[in-house]
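Take a look at the structure set out below.
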Amino acid sequence: MRIVLVGPPGAGKGTQAAYLAKNLAIPHISTGDLFRANISEGTALGKQAKALMDAGKLVPDEVTIGMAQDRMSQPDAEGGFLLDGFPRNVVQAQALDEWLNAEGQKLDAVLDLEVPEDEVVKRIAGRRICRNDSSHVFHVEYSRPKKDGVCDTCGGELYQRGDDTEDTVRTRLEVYHTQTEPIIDHYKGQGLVATISALGKVTEVTERAMQALQMEQAEQA
Ligand code: AMP
């Protein structure tokens, strides 16, 4: 399957993407993670992305689209992939359509995770992420690790993302509303969108997501 995951920052895209990718046996491709890896490695791309990411703004399309296409062209993505954080505006969505067309592929579904705005700010401001694996996510109130600052899953160090501060979250939400939300209409035009609530336990949301994806598949068959 080829799936796009959409939703505001804090909707739990990364967490859900990790579970869904495992269930569906497809790679989880997160442009945010790819940028963060470039920043850790100190590449030119990482240097270009860092200031924009810290400010909650989008990295320019040319750079992002090229990086996403490179990743989608890797052998492990031949049978499908789950995109998390890409596309993030209509230009990127159109570029993805064109790329898929040229490859003789198509998207199967766009999963839209819905969550109220006040919940987003609470979730993000308390979020702590494992340095080893960004899908190991904790929260200082809602999902505390057994030992402060240490990942329960792998023992990695937990940290707060530089763009997870309340001010930056507000900018990221504005960017989401103005630039990313329009891609939902773009994909509604292609009959691909399944909207689900991202509230509740992680397992409940995964269950909802799997059901929505199965319905999409059945409708298209
Ligand atoms: P994420 O991990 O998806 O929340 O992304 C973190 C940050 O990386 C975003 O706020 C942007 O600065 C940058 N970023 C990730 N994906 C994209 C994209 N598709 N287009 C532009 N910037 C992106």
Side-chain angles (χ1 to χ4, degrees), residues 5-21 28-43 45-60 63-64 67-68 82-89 92 112-181 197-202 205-206:
L5 210 55
V6 199
K13 291 190 299 295
T15 306
Q16 289 304 326
Y19 284 106
L20 292 172
H28 165 201
I29 300 181
S30 154
T31 40
D33 281 352
L34 292 173
F35 285 130
R36 280 184 287 276
N38 272 279
I39 292 173
S40 307
E41 288 157 20
T43 68
L45 177 62
K47 288 191 181 110
Q48 191 184 353
K50 185 166 186 332
L52 292 162
M53 288 175 74
D54 283 345
K57 298 192 177 142
L58 295 187
V59 179
V63 179
T64 308
M67 182 184 74
L82 195 158
L83 296 178
D84 157 15
F86 179 84
R88 232 174 173 103
N89 60 27
Q92 293 181 11
D112 168 28
L113 297 183
E114 265 191 344
V115 60
E117 199 137 320
D118 50 347
E119 176 70 17
V120 159
V121 178
K122 273 194 270 171
R123 281 187 186 191
I124 293 202
R127 178 159 78 169
R128 298 293 181 271
I129 294 176
C130 175
R131 286 216 188 266
N132 294 340
D133 185 332
S134 66
S135 71
H136 302 165
V137 183
F138 298 83
H139 191 281
V140 292
E141 259 179 76
Y142 310 137
S143 170
R144 299 178 62 126
K146 291 195 184 88
K147 193 169 165 209
D148 274 354
V150 180
C151 175
D152 287 357
T153 314
C154 71
E157 182 200 352
L158 299 180
Y159 78 109
Q160 180 174 34
R161 266 171 54 173
D163 58 350
D164 271 358
T165 58
E166 194 161 335
D167 270 359
T168 312
V169 172
R170 305 251 173 231
T171 309
R172 287 163 66 200
L173 271 169
E174 195 186 315
V175 167
Y176 179 74
H177 291 314
T178 54
Q179 304 200 41
T180 309
E181 256 176 0
S197 163
L199 291 178
K201 288 194 190 128
V202 171
V205 181
T206 311

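In this chain, residues are counted from 1 in sequence order.
Remark: side-chain polar atoms of K13 are paired, donor with acceptor, to backbone N or O of G7 under 3.5 angstrom. Remark: side-chain polar atoms of R123 are not paired, donor with acceptor, to backbone N or O of V120 under 3.5 angstrom. In this structure, D152 contributes its side chain and P145 its backbone to no donor-acceptor pair below 3.5 Å. T168 places no side-chain N or O within donor-acceptor distance of the main-chain N or O of G56, the cut-off being under 3.5 Å. Listed for the E181 side chain is no donor-acceptor partner under 3.5 Å among the backbone atoms of Y176. In terms of modelled atom types and a separation under 3.5 Å, the side chain of E157 and the main chain of N132 share no donor-acceptor contact.
Checked options L5, I29, V6, T64; the residue passing with F86 is T64 (criterion: side chain to side chain contact (heavy atoms under 4.5 Å, CB included)).
Within the 4.5 Å cutoff, no side-chain heavy atoms of T171 are placed close to those of D163. Side-chain contact between R128 and V140 is present, with heavy atoms from C-beta onward closer than 4.5 Å. Residues P8 and V115 form a side-chain contact, since some pair of their non-hydrogen atoms from C-beta on lies under 4.5 Å apart.
The distance from the CD atom of Q48 to the CZ atom of F35 is 8.0 Å, given to the nearest 0.5 Å. Between the SG atom in C151 and the OH atom in Y159 there is a gap of 12.0 Å [rounded to 0.5 Å]. With rounding to the nearest 0.5 Å, the separation of CG in L82 from CD in Q16 is 10.0 Å. One distance of note links CG of D33 with CG of D84; it measures 7.0 Å at 0.5 Å rounding. One distance of note links CD1 of I39 with CG of L34; it measures 11.5 Å at 0.5 Å rounding. With rounding to the nearest 0.5 Å, the separation of CZ in R161 from CE in M53 is 6.5 Å.
Of all heavy-atom pairs spanning T31 and G85, the tightest one is OG1-O, 3.1 Å. The two residues C154 and H136 have their closest heavy-atom pair at SG-ND1, 3.7 Å. For the pair L52 and P60, the tightest heavy-atom approach, listed with the atom from each and the gap, is CD1-CD, 3.6 Å. Contact detail for I124 and D164: the closest heavy-atom pair is CG2-OD1, 3.2 Å. Nearest approach of R172 to R127, heavy atoms of both residues: NH2-NH2, 3.7 Å. Taking every heavy atom of both residues into account, A198 and L113 meet most closely at CB-CB, 4.0 Å.
Within a 6.0 Å sphere centred on CZ of R144, other residues, nucleotides and ligands contribute 12 heavy atoms or fewer.
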Pair L45-V59, side-chain contact (heavy atoms from CB on, under 4.5 Å): steps then yes or no: CA-CA 10 Å; L45 177 62; V59 179; 5.5 Å; no
Worked verdict on Q92 versus T180 for side-chain contact (heavy atoms from CB on, under 4.5 Å): CA-CA 10 Å; Q92 293 181 11; T180 309; over 6 Å; no
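Between R170 and E166 there is a salt bridge, since at least one side-chain N of the basic residue sits less than 4.0 Å from a carboxylate O of the acidic one.
Scanning for side-chain contact (heavy atoms from CB on, under 4.5 Å) contacts around P116 gives D118, E119, L199, with sequence neighbours left out.
A donor and an acceptor atom, one from each side chain of D167 and T165, are nowhere located under 3.5 Å apart.
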